[in-house]
Protein chains: 2
Amino acid sequence: MSLETKERILDAAEGLFADHGFAATSLRQITAVAGVNLAAVNYHFGSKEALLTSVFEHRVVPVNQERLRMLDALEADAAQGKAIDVEDVVRAFVLPAFHAVEGFGQQGAKFMQLVGRMHSETNEQLRVTFLKLFRPVGQRFVPALRQLLPSLSEDEVMWRLHFMIGSLAHILVCTQLEETLMGKLAGGSDLVEALVQFNTAGLAAQAPAAVGVRRA
Amino acid sequence: MSLETKERILDAAEGLFADHGFAATSLRQITAVAGVNLAAVNYHFGSKEALLTSVFEHRVVPVNQERLRMLDALEADAAQGKAIDVEDVVRAFVLPAFHAVEGFGQQGAKFMQLVGRMHSETNEQLRVTFLKLFRPVGQRFVPALRQLLPSLSEDEVMWRLHFMIGSLAHILVCTQLEETLMGKLAGGSDLVEALVQFNTAGLAAQAPAAVGVRRA
DNA sequence: GTATGATTGAAATGAACGTTTGAATTAGAA
DNA sequence: TTCTAATTCAAACGTTCATTTCAATCATAC
(Lines give C-alpha, C1' and ligand atoms only; values in the text may rest on other atoms or scores of the structure.)
Protein backbone atom coordinates (compact mmCIF):
# COMPACT_ATOMS: atom_id res chain seq x y z
CA MET A 1 0.00 0.00 0.00
CA SER A 2 1.50 3.23 -1.13
CA LEU A 3 0.88 5.44 1.88
CA GLU A 4 2.50 2.98 4.21
CA THR A 5 5.48 2.57 1.91
CA LYS A 6 6.04 6.29 1.78
CA GLU A 7 5.83 6.66 5.55
CA ARG A 8 8.19 3.79 6.12
CA ILE A 9 10.73 5.30 3.78
CA LEU A 10 10.38 8.73 5.36
CA ASP A 11 10.83 7.36 8.86
CA ALA A 12 13.81 5.24 7.94
CA ALA A 13 15.41 8.09 6.01
CA GLU A 14 14.92 10.52 8.85
CA GLY A 15 16.72 8.35 11.32
CA LEU A 16 19.55 7.38 9.00
CA PHE A 17 20.13 10.88 7.63
CA ALA A 18 20.29 12.08 11.22
CA ASP A 19 22.84 9.46 12.21
CA HIS A 20 25.01 9.43 9.13
CA GLY A 21 24.28 12.58 7.18
CA PHE A 22 23.04 12.77 3.63
CA ALA A 23 26.17 11.79 1.75
CA ALA A 24 27.03 8.78 3.85
CA THR A 25 23.52 7.33 3.93
CA SER A 26 22.75 5.10 0.97
CA LEU A 27 19.34 4.39 -0.43
CA ARG A 28 19.98 0.70 0.08
CA GLN A 29 20.40 1.36 3.81
CA ILE A 30 17.15 3.27 3.90
CA THR A 31 15.20 0.66 1.98
CA ALA A 32 16.63 -2.12 4.14
CA VAL A 33 15.45 -0.38 7.29
CA ALA A 34 12.09 0.48 5.73
CA GLY A 35 11.62 -3.02 4.35
CA VAL A 36 10.79 -1.81 0.86
CA ASN A 37 12.27 -2.18 -2.57
CA LEU A 38 15.04 0.10 -3.76
CA ALA A 39 13.03 1.36 -6.74
CA ALA A 40 10.32 2.59 -4.38
CA VAL A 41 12.40 5.58 -3.42
CA ASN A 42 12.58 6.88 -6.95
CA TYR A 43 8.99 5.92 -7.64
CA HIS A 44 7.58 7.80 -4.62
CA PHE A 45 10.06 10.61 -4.18
CA GLY A 46 11.91 10.96 -7.46
CA SER A 47 15.44 11.16 -6.09
CA LYS A 48 17.52 10.92 -2.96
CA GLU A 49 17.63 14.71 -2.70
CA ALA A 50 13.88 14.96 -3.02
CA LEU A 51 13.53 12.36 -0.28
CA LEU A 52 15.54 14.51 2.10
CA THR A 53 13.49 17.53 1.12
CA SER A 54 10.33 15.57 1.96
CA VAL A 55 11.82 14.64 5.31
CA PHE A 56 12.40 18.33 6.03
CA GLU A 57 8.92 19.37 5.04
CA HIS A 58 7.42 16.57 7.06
CA ARG A 59 8.90 17.93 10.23
CA VAL A 60 10.41 21.41 9.91
CA VAL A 61 7.26 23.11 8.75
CA PRO A 62 5.26 22.26 11.91
CA VAL A 63 8.17 23.30 14.16
CA ASN A 64 8.47 26.63 12.41
CA GLN A 65 4.72 27.13 12.44
CA GLU A 66 4.81 26.72 16.19
CA ARG A 67 7.57 29.33 16.38
CA LEU A 68 5.50 31.75 14.39
CA ARG A 69 2.39 31.06 16.46
CA MET A 70 4.30 31.76 19.64
CA LEU A 71 5.63 34.98 18.16
CA ASP A 72 2.09 35.90 17.06
CA ALA A 73 0.92 35.42 20.63
CA LEU A 74 3.71 37.63 21.93
CA GLU A 75 2.86 40.33 19.46
CA ALA A 76 -0.80 40.13 20.41
CA ASP A 77 0.25 40.55 24.04
CA ALA A 78 2.33 43.54 23.12
CA ALA A 79 -0.60 45.06 21.30
CA GLN A 80 -2.57 44.73 24.53
CA GLY A 81 0.11 46.72 26.29
CA LYS A 82 1.85 43.82 27.93
CA ALA A 83 5.64 44.11 27.90
CA ILE A 84 7.51 41.36 26.11
CA ASP A 85 11.17 40.82 26.46
CA VAL A 86 14.12 39.05 24.92
CA GLU A 87 13.50 35.90 26.89
CA ASP A 88 10.03 35.58 25.43
CA VAL A 89 11.44 35.72 21.94
CA VAL A 90 14.18 33.26 22.77
CA ARG A 91 11.58 30.86 24.10
CA ALA A 92 9.52 31.21 20.96
CA PHE A 93 12.61 30.26 18.97
CA VAL A 94 14.02 27.51 21.14
CA LEU A 95 11.08 25.70 22.70
CA PRO A 96 9.41 24.41 19.54
CA ALA A 97 12.60 22.54 18.70
CA PHE A 98 12.42 20.76 22.05
CA HIS A 99 8.70 20.19 21.75
CA ALA A 100 9.51 18.30 18.59
CA VAL A 101 12.11 16.30 20.48
CA GLU A 102 9.65 15.44 23.24
CA GLY A 103 6.58 15.09 21.10
CA PHE A 104 7.74 12.33 18.81
CA GLY A 105 9.92 10.33 21.11
CA GLN A 106 13.17 9.03 19.72
CA GLN A 107 12.11 9.84 16.19
CA GLY A 108 11.65 13.49 17.09
CA ALA A 109 15.06 13.65 18.70
CA LYS A 110 16.56 12.07 15.61
CA PHE A 111 14.88 14.56 13.41
CA MET A 112 16.05 17.52 15.39
CA GLN A 113 19.56 16.09 15.29
CA LEU A 114 19.27 16.15 11.51
CA VAL A 115 18.09 19.75 11.68
CA GLY A 116 21.08 20.61 13.84
CA ARG A 117 23.38 19.05 11.30
CA MET A 118 21.81 20.70 8.28
CA HIS A 119 23.16 24.04 9.37
CA SER A 120 26.60 22.84 8.36
CA GLU A 121 25.60 20.46 5.58
CA THR A 122 28.16 20.49 2.81
CA ASN A 123 25.74 19.75 -0.02
CA GLU A 124 25.03 23.37 -0.78
CA GLN A 125 21.85 22.81 -2.74
CA LEU A 126 20.32 20.85 0.09
CA ARG A 127 21.47 23.31 2.72
CA VAL A 128 19.90 26.15 0.76
CA THR A 129 16.69 24.15 0.35
CA PHE A 130 16.68 23.61 4.09
CA LEU A 131 17.27 27.31 4.78
CA LYS A 132 14.34 28.26 2.61
CA LEU A 133 12.06 26.51 5.04
CA PHE A 134 13.39 28.80 7.76
CA ARG A 135 12.99 32.00 5.80
CA PRO A 136 9.56 32.84 7.30
CA VAL A 137 11.10 32.41 10.74
CA GLY A 138 14.00 34.70 9.99
CA GLN A 139 11.69 37.28 8.51
CA ARG A 140 9.71 37.45 11.71
CA PHE A 141 12.34 36.94 14.39
CA VAL A 142 14.90 39.39 13.08
CA PRO A 143 12.52 42.36 13.23
CA ALA A 144 11.27 41.22 16.63
CA LEU A 145 14.81 41.17 17.96
CA ARG A 146 15.66 44.46 16.34
CA GLN A 147 12.72 46.07 18.09
CA LEU A 148 13.80 44.68 21.43
CA LEU A 149 17.46 45.57 20.89
CA PRO A 150 17.34 48.99 19.24
CA SER A 151 20.89 49.92 20.13
CA LEU A 152 22.35 47.11 18.06
CA SER A 153 23.30 47.49 14.45
CA GLU A 154 21.78 45.25 11.83
CA ASP A 155 24.99 43.22 11.65
CA GLU A 156 25.06 42.82 15.40
CA VAL A 157 21.51 41.48 15.47
CA MET A 158 22.28 39.06 12.69
CA TRP A 159 25.41 37.87 14.45
CA ARG A 160 23.62 37.34 17.71
CA LEU A 161 20.84 35.46 16.00
CA HIS A 162 23.45 33.19 14.47
CA PHE A 163 25.19 32.65 17.78
CA MET A 164 21.85 31.46 19.12
CA ILE A 165 21.23 29.23 16.12
CA GLY A 166 24.68 27.74 16.55
CA SER A 167 24.17 27.03 20.22
CA LEU A 168 20.81 25.38 19.55
CA ALA A 169 22.02 23.35 16.58
CA HIS A 170 25.03 22.10 18.49
CA ILE A 171 22.88 20.98 21.40
CA LEU A 172 20.41 19.22 19.14
CA VAL A 173 23.28 17.19 17.70
CA CYS A 174 25.33 16.61 20.84
CA THR A 175 22.58 15.46 23.12
CA GLN A 176 22.18 12.44 20.83
CA LEU A 177 25.86 11.49 20.97
CA GLU A 178 27.63 9.25 23.42
CA GLU A 179 30.89 11.12 23.17
CA THR A 180 31.31 14.86 23.40
CA LEU A 181 34.21 16.97 24.58
CA MET A 182 34.09 15.93 28.21
CA GLY A 183 31.83 12.92 28.09
CA LYS A 184 28.14 12.43 27.47
CA LEU A 185 26.03 15.52 27.80
CA ALA A 186 23.02 15.45 30.07
CA GLY A 187 19.67 16.36 28.55
CA GLY A 188 16.25 17.26 29.87
CA SER A 189 14.25 20.32 30.76
CA ASP A 190 17.02 21.91 32.82
CA LEU A 191 19.15 21.93 29.69
CA VAL A 192 16.40 23.70 27.81
CA GLU A 193 16.10 26.33 30.53
CA ALA A 194 19.85 26.77 30.57
CA LEU A 195 19.86 27.28 26.81
CA VAL A 196 17.11 29.87 27.08
CA GLN A 197 18.90 31.78 29.82
CA PHE A 198 22.26 31.65 28.07
CA ASN A 199 20.84 33.01 24.87
CA THR A 200 18.67 35.57 26.61
CA ALA A 201 21.70 36.96 28.42
CA GLY A 202 23.83 36.82 25.31
CA LEU A 203 21.26 38.56 23.11
CA ALA A 204 20.57 41.21 25.72
CA ALA A 205 24.22 41.89 26.44
CA GLN A 206 25.60 45.36 26.18
CA ALA A 207 26.98 45.92 22.72
CA PRO A 208 30.75 45.53 22.72
CA ALA A 209 32.85 48.64 22.74
CA ALA A 210 34.39 49.58 19.43
CA VAL A 211 37.51 47.61 18.69
CA GLY A 212 40.59 49.07 20.29
CA VAL A 213 38.70 50.36 23.30
CA ARG A 214 38.63 47.16 25.23
CA ARG A 215 39.58 47.49 28.88
CA ALA A 216 42.46 49.88 29.25
CA MET B 1 60.13 15.34 -3.80
CA SER B 2 58.22 13.83 -0.94
CA LEU B 3 57.86 16.77 1.40
CA GLU B 4 56.33 18.91 -1.29
CA THR B 5 53.96 16.16 -2.32
CA LYS B 6 52.75 15.72 1.23
CA GLU B 7 52.20 19.44 1.74
CA ARG B 8 50.32 19.76 -1.52
CA ILE B 9 48.04 16.91 -0.57
CA LEU B 10 47.48 18.35 2.91
CA ASP B 11 46.64 21.79 1.57
CA ALA B 12 44.30 20.47 -1.10
CA ALA B 13 42.62 18.12 1.35
CA GLU B 14 42.12 20.87 3.91
CA GLY B 15 40.30 23.09 1.50
CA LEU B 16 38.18 20.37 -0.05
CA PHE B 17 37.26 18.72 3.23
CA ALA B 18 36.22 22.13 4.48
CA ASP B 19 34.03 22.80 1.46
CA HIS B 20 32.51 19.40 0.93
CA GLY B 21 33.03 17.41 4.12
CA PHE B 22 34.84 14.14 4.43
CA ALA B 23 32.33 11.78 2.82
CA ALA B 24 31.65 13.89 -0.23
CA THR B 25 35.29 14.67 -0.99
CA SER B 26 36.98 12.05 -3.13
CA LEU B 27 40.67 11.32 -3.20
CA ARG B 28 40.60 11.92 -6.93
CA GLN B 29 39.41 15.47 -6.27
CA ILE B 30 42.19 16.02 -3.78
CA THR B 31 44.89 14.61 -6.03
CA ALA B 32 43.62 16.66 -8.97
CA VAL B 33 43.88 19.87 -6.95
CA ALA B 34 47.25 18.85 -5.52
CA GLY B 35 48.59 17.80 -8.92
CA VAL B 36 49.81 14.45 -7.66
CA ASN B 37 49.06 10.83 -8.41
CA LEU B 38 46.19 9.02 -6.70
CA ALA B 39 48.50 6.39 -5.17
CA ALA B 40 50.43 9.13 -3.38
CA VAL B 41 47.68 9.53 -0.80
CA ASN B 42 47.90 5.97 0.35
CA TYR B 43 51.67 5.97 0.06
CA HIS B 44 52.16 9.08 2.23
CA PHE B 45 49.18 8.92 4.56
CA GLY B 46 47.93 5.34 4.51
CA SER B 47 44.25 6.04 4.07
CA LYS B 48 41.70 8.77 3.52
CA GLU B 49 40.88 8.80 7.22
CA ALA B 50 44.51 9.15 8.17
CA LEU B 51 44.81 12.05 5.74
CA LEU B 52 42.05 13.89 7.54
CA THR B 53 43.68 13.12 10.87
CA SER B 54 46.91 14.62 9.56
CA VAL B 55 45.03 17.70 8.44
CA PHE B 56 43.66 18.10 11.98
CA GLU B 57 47.03 17.69 13.64
CA HIS B 58 48.60 20.10 11.23
CA ARG B 59 46.38 22.87 12.37
CA VAL B 60 44.32 22.09 15.47
CA VAL B 61 47.28 21.43 17.72
CA PRO B 62 48.77 24.95 17.35
CA VAL B 63 45.35 26.57 17.86
CA ASN B 64 44.78 24.61 21.03
CA GLN B 65 48.30 25.31 22.23
CA GLU B 66 47.58 28.99 21.91
CA ARG B 67 44.40 28.54 23.93
CA LEU B 68 46.34 26.81 26.66
CA ARG B 69 49.07 29.46 26.64
CA MET B 70 46.49 32.19 27.02
CA LEU B 71 44.92 30.32 29.88
CA ASP B 72 48.37 29.81 31.45
CA ALA B 73 48.92 33.57 31.29
CA LEU B 74 45.57 34.20 32.94
CA GLU B 75 46.36 31.77 35.69
CA ALA B 76 49.76 33.38 36.22
CA ASP B 77 48.00 36.72 36.53
CA ALA B 78 45.59 35.27 39.04
CA ALA B 79 48.52 33.92 41.06
CA GLN B 80 49.85 37.50 41.19
CA GLY B 81 46.57 38.62 42.68
CA LYS B 82 45.10 40.06 39.51
CA ALA B 83 41.41 39.32 39.07
CA ILE B 84 40.44 37.40 36.00
CA ASP B 85 36.92 37.11 34.76
CA VAL B 86 34.70 35.17 32.43
CA GLU B 87 35.50 37.41 29.50
CA ASP B 88 39.19 36.62 29.81
CA VAL B 89 38.45 32.90 29.61
CA VAL B 90 36.09 33.37 26.69
CA ARG B 91 38.79 35.32 24.87
CA ALA B 92 41.30 32.57 25.53
CA PHE B 93 38.88 30.12 23.96
CA VAL B 94 37.60 32.15 21.04
CA LEU B 95 40.48 34.31 19.86
CA PRO B 96 42.93 31.59 18.84
CA ALA B 97 40.36 30.30 16.37
CA PHE B 98 40.21 33.71 14.75
CA HIS B 99 43.96 34.13 14.89
CA ALA B 100 44.13 30.98 12.80
CA VAL B 101 41.62 32.48 10.37
CA GLU B 102 43.66 35.67 10.07
CA GLY B 103 47.08 34.14 10.27
CA PHE B 104 46.90 31.84 7.28
CA GLY B 105 44.73 33.83 4.94
CA GLN B 106 42.08 31.94 3.04
CA GLN B 107 43.62 28.62 3.95
CA GLY B 108 43.22 29.38 7.65
CA ALA B 109 39.59 30.34 7.19
CA LYS B 110 39.00 27.13 5.28
CA PHE B 111 40.60 25.14 8.00
CA MET B 112 38.56 26.70 10.72
CA GLN B 113 35.44 26.05 8.66
CA LEU B 114 36.42 22.38 8.67
CA VAL B 115 36.87 22.56 12.43
CA GLY B 116 33.42 24.09 12.77
CA ARG B 117 31.95 21.28 10.74
CA MET B 118 33.73 18.51 12.57
CA HIS B 119 31.62 19.14 15.63
CA SER B 120 28.72 17.60 13.77
CA GLU B 121 30.63 15.17 11.57
CA THR B 122 28.69 11.98 11.06
CA ASN B 123 31.68 9.70 10.71
CA GLU B 124 31.84 8.87 14.39
CA GLN B 125 35.38 7.55 14.42
CA LEU B 126 36.69 10.71 12.83
CA ARG B 127 34.64 12.94 15.09
CA VAL B 128 36.01 11.15 18.13
CA THR B 129 39.55 11.43 16.76
CA PHE B 130 38.97 15.13 16.32
CA LEU B 131 37.59 15.49 19.84
CA LYS B 132 40.65 13.83 21.29
CA LEU B 133 42.72 16.74 20.07
CA PHE B 134 40.51 19.02 22.14
CA ARG B 135 40.69 16.98 25.30
CA PRO B 136 43.55 19.04 26.81
CA VAL B 137 41.51 22.18 26.16
CA GLY B 138 38.42 20.77 27.84
CA GLN B 139 40.48 19.59 30.79
CA ARG B 140 41.75 23.08 31.40
CA PHE B 141 38.81 25.27 30.46
CA VAL B 142 36.14 23.39 32.35
CA PRO B 143 37.87 23.80 35.73
CA ALA B 144 38.63 27.43 34.91
CA LEU B 145 34.97 28.10 34.22
CA ARG B 146 33.88 26.15 37.23
CA GLN B 147 36.08 28.32 39.42
CA LEU B 148 34.65 31.49 37.95
CA LEU B 149 31.07 30.25 38.11
CA PRO B 150 30.89 28.46 41.44
CA SER B 151 27.12 28.64 41.71
CA LEU B 152 26.60 26.50 38.64
CA SER B 153 26.31 22.76 38.77
CA GLU B 154 28.66 20.60 36.79
CA ASP B 155 25.97 19.96 34.19
CA GLU B 156 25.27 23.64 33.84
CA VAL B 157 28.92 24.44 33.22
CA MET B 158 29.14 21.71 30.62
CA TRP B 159 26.00 22.93 28.90
CA ARG B 160 27.22 26.48 28.78
CA LEU B 161 30.56 25.41 27.44
CA HIS B 162 28.72 23.55 24.68
CA PHE B 163 26.54 26.54 23.90
CA MET B 164 29.73 28.52 23.39
CA ILE B 165 31.29 25.80 21.25
CA GLY B 166 28.14 25.69 19.14
CA SER B 167 28.06 29.43 18.61
CA LEU B 168 31.75 29.48 17.63
CA ALA B 169 31.50 26.46 15.34
CA HIS B 170 28.46 27.86 13.60
CA ILE B 171 30.19 31.18 12.97
CA LEU B 172 33.32 29.50 11.65
CA VAL B 173 31.19 27.68 9.09
CA CYS B 174 28.73 30.44 8.21
CA THR B 175 31.19 33.23 7.63
CA GLN B 176 32.52 31.19 4.71
CA LEU B 177 29.12 30.74 3.08
CA GLU B 178 27.33 32.96 0.60
CA GLU B 179 23.90 32.01 1.82
CA THR B 180 22.79 31.96 5.41
CA LEU B 181 19.39 32.48 6.98
CA MET B 182 19.01 36.11 6.05
CA GLY B 183 21.76 36.57 3.51
CA LYS B 184 25.50 36.66 3.74
CA LEU B 185 26.92 37.20 7.17
CA ALA B 186 29.42 39.98 7.71
CA GLY B 187 32.79 39.05 9.21
CA GLY B 188 35.71 40.89 10.75
CA SER B 189 36.90 41.95 14.15
CA ASP B 190 33.55 43.39 15.23
CA LEU B 191 32.08 39.95 14.78
CA VAL B 192 34.75 38.48 17.00
CA GLU B 193 34.07 41.04 19.69
CA ALA B 194 30.35 40.39 19.42
CA LEU B 195 30.96 36.68 19.83
CA VAL B 196 33.09 37.28 22.90
CA GLN B 197 30.50 39.53 24.52
CA PHE B 198 27.61 37.23 23.71
CA ASN B 199 29.34 34.25 25.25
CA THR B 200 30.63 36.22 28.20
CA ALA B 201 27.12 37.35 29.03
CA GLY B 202 25.67 33.92 28.42
CA LEU B 203 28.25 32.13 30.55
CA ALA B 204 27.95 34.65 33.35
CA ALA B 205 24.15 34.67 33.36
CA GLN B 206 22.25 33.96 36.51
CA ALA B 207 21.45 30.30 36.73
CA PRO B 208 17.89 29.64 35.64
CA ALA B 209 15.30 29.06 38.30
CA ALA B 210 14.30 25.48 38.81
CA VAL B 211 11.76 24.30 36.29
CA GLY B 212 8.24 25.23 37.20
CA VAL B 213 9.27 28.48 38.87
CA ARG B 214 9.45 30.56 35.76
CA ARG B 215 7.64 33.91 35.93
CA ALA B 216 4.30 33.55 37.61
C1' DG C 1 78.70 3.30 -12.00
C1' DT C 2 75.92 0.21 -9.09
C1' DA C 3 72.75 -0.94 -5.54
C1' DT C 4 69.08 0.10 -2.62
C1' DG C 5 65.21 2.33 -0.95
C1' DA C 6 61.91 6.01 -1.78
C1' DT C 7 58.55 7.78 -4.63
C1' DT C 8 55.52 8.13 -8.51
C1' DG C 9 52.46 6.53 -12.27
C1' DA C 10 48.93 3.89 -14.58
C1' DA C 11 45.99 0.30 -14.36
C1' DA C 12 43.41 -3.00 -11.94
C1' DT C 13 40.48 -4.64 -8.14
C1' DG C 14 36.33 -5.21 -5.73
C1' DA C 15 32.79 -2.74 -3.98
C1' DA C 16 29.23 0.57 -3.72
C1' DC C 17 26.26 4.04 -5.53
C1' DG C 18 21.70 6.45 -7.52
C1' DT C 19 18.94 5.84 -11.26
C1' DT C 20 16.54 3.27 -14.77
C1' DT C 21 14.14 -0.55 -16.96
C1' DG C 22 10.57 -3.71 -17.92
C1' DA C 23 7.95 -7.36 -16.10
C1' DA C 24 4.98 -8.89 -12.42
C1' DT C 25 1.73 -7.93 -8.99
C1' DT C 26 -1.70 -5.30 -6.65
C1' DA C 27 -5.56 -2.18 -6.16
C1' DG C 28 -9.58 -0.04 -7.53
C1' DA C 29 -13.27 1.05 -10.72
C1' DA C 30 -16.69 -0.29 -13.94
C1' DT D 1 -14.74 -10.55 -14.17
C1' DT D 2 -12.07 -7.37 -16.85
C1' DC D 3 -9.47 -3.39 -17.51
C1' DT D 4 -6.47 0.19 -16.21
C1' DA D 5 -3.43 2.49 -13.41
C1' DA D 6 -0.58 2.22 -9.43
C1' DT D 7 2.93 -0.04 -7.18
C1' DT D 8 6.52 -3.27 -6.40
C1' DC D 9 10.30 -6.23 -7.76
C1' DA D 10 14.83 -7.75 -9.42
C1' DA D 11 18.19 -6.82 -12.43
C1' DA D 12 20.78 -3.85 -15.14
C1' DC D 13 23.17 0.41 -16.17
C1' DG D 14 26.78 3.69 -15.98
C1' DT D 15 29.43 5.84 -12.77
C1' DT D 16 32.36 6.55 -8.88
C1' DC D 17 34.99 5.17 -5.03
C1' DA D 18 39.31 3.84 -1.86
C1' DT D 19 42.75 0.72 -2.02
C1' DT D 20 46.13 -2.17 -4.16
C1' DT D 21 49.51 -3.72 -7.48
C1' DC D 22 53.65 -3.66 -9.94
C1' DA D 23 56.69 -1.48 -12.96
C1' DA D 24 59.24 2.70 -13.80
C1' DT D 25 61.63 6.53 -12.17
C1' DC D 26 64.12 9.18 -8.89
C1' DA D 27 67.32 10.05 -5.06
C1' DT D 28 71.02 8.88 -2.27
C1' DA D 29 74.97 6.41 -0.60
C1' DC D 30 78.96 3.79 -1.47
Side-chain angles (χ1 to χ4, degrees), chain A residues 1-56 58 114 117-118 121-130, chain B residues 1-56 58 114 117-118 121-130:
Chain A
M1 167 167 313
S2 113
L3 198 58
E4 184 184 336
T5 303
K6 282 188 74 170
E7 290 296 324
R8 289 165 68 164
I9 295 172
L10 277 170
D11 284 349
E14 188 170 273
L16 289 165
F17 285 144
D19 279 339
H20 305 296
F22 179 75
T25 300
S26 70
L27 291 179
R28 286 167 174 84
Q29 281 173 294
I30 291 167
T31 52
V33 168
V36 303
N37 183 271
L38 180 58
V41 176
N42 286 283
Y43 179 79
H44 286 284
F45 297 99
S47 69
K48 189 182 178 185
E49 274 85 6
L51 171 60
L52 182 57
T53 300
S54 292
V55 168
F56 294 154
H58 189 210
L114 174 61
R117 283 202 157 112
M118 286 308 300
E121 169 61 41
T122 58
N123 177 321
E124 192 60 13
Q125 186 186 331
L126 284 171
R127 194 184 65 86
V128 169
T129 298
F130 171 76
Chain B
M1 166 165 320
S2 116
L3 198 59
E4 183 182 337
T5 303
K6 281 187 75 170
E7 288 295 324
R8 291 165 68 164
I9 295 171
L10 277 170
D11 284 350
E14 189 169 275
L16 289 164
F17 285 144
D19 280 338
H20 304 295
F22 180 73
T25 300
S26 70
L27 290 180
R28 288 167 172 82
Q29 283 173 292
I30 291 166
T31 52
V33 168
V36 302
N37 184 269
L38 182 58
V41 177
N42 287 283
Y43 179 79
H44 287 284
F45 297 98
S47 68
K48 188 181 177 187
E49 275 84 6
L51 171 59
L52 182 56
T53 299
S54 293
V55 168
F56 294 155
H58 190 211
L114 174 60
R117 281 201 160 112
M118 284 310 299
E121 169 61 42
T122 59
N123 178 319
E124 191 62 9
Q125 184 188 330
L126 284 170
R127 193 183 67 85
V128 170
T129 297
F130 171 77

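Computation of the quantities below employed the complete heavy-atom set of this structure, encompassing side-chain atoms and omitting hydrogens, waters and symmetry-equivalent molecules. Below, read A as the first sequence line, B as the second, and so on, with proteins coming before strands; counting in each chain starts at 1.
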Rounded distance (Å) that lies between atom [atom2] of [N] and atom [atom1] of [X]:
X      : N      : atom1 : atom2 : answer
B/N123 : D/dC17 : CG    : P     : 17 Å
B/I9   : D/dT19 : CD1   : P     : 13 Å
A/L126 : C/dG18 : CG    : P     : 13 Å
A/L27  : D/dA12 : CG    : C1'   : 16 Å
A/L16  : C/dG18 : CG    : P     : 12 Å
A/L52  : C/dG18 : CG    : C1'   : 15 Å
B/L51  : D/dT19 : CG    : C1'   : 14 Å
A/R28  : C/dA16 : CZ    : P     : 10 Å

Handout entry: Heavy-atom side-chain proximity of A/L114 to A/M118 below 4.5 angstrom
Key = yes

Practice task
Find out whether B/E124 and A/D19 are in side-chain contact, i.e. whether some heavy atom of one side chain is under 4.5 Å from a heavy atom of the other.
Solution key: no

Problem - Short side-chain N/O contact to C/dC17 OP1/OP2 from A/S26, under 4.0 Å - result: yes

Practice task
Check whether any side-chain N or O of A/T5 sits under 4.0 Å from OP1 or OP2 of D/dT8, and answer yes or no.
Solution key: yes

Completion exercise
Contact check, residues 30-47 of chain B vs DNA chain C, heavy-atom distance under 4.0 Å, returns B/N37, B/A39, B/Y43, B/H44

Exercise for the section: Quick one: list whatever passes side-chain contact (heavy atoms from CB on, under 4.5 Å) with B/E7, sequence neighbours left out. Expected result: B/L10, B/H58

Problem - Atom pair OG (B/S47) and CG (B/L51), whose distance is rounded to the nearest 0.5 Å - result: 8.0 Å

Problem - Ion pair check, B/R8 and B/E4, cut-off under 4.0 Å - result: yes

Let me have the donor-acceptor pairs involving side chains of residues 31-46 of chain B, under 3.5 Å, with sequence neighbours excluded, atom names and distances please.
| from | atom 1 | to | atom 2 | distance (Å) |
| --- | --- | --- | --- | --- |
| B/T31 | OG1 | B/L27 | O | 3.0 |
| B/T31 | OG1 | B/R28 | O | 3.2 |
| B/N37 | OD1 | B/A39 | N | 2.9 |

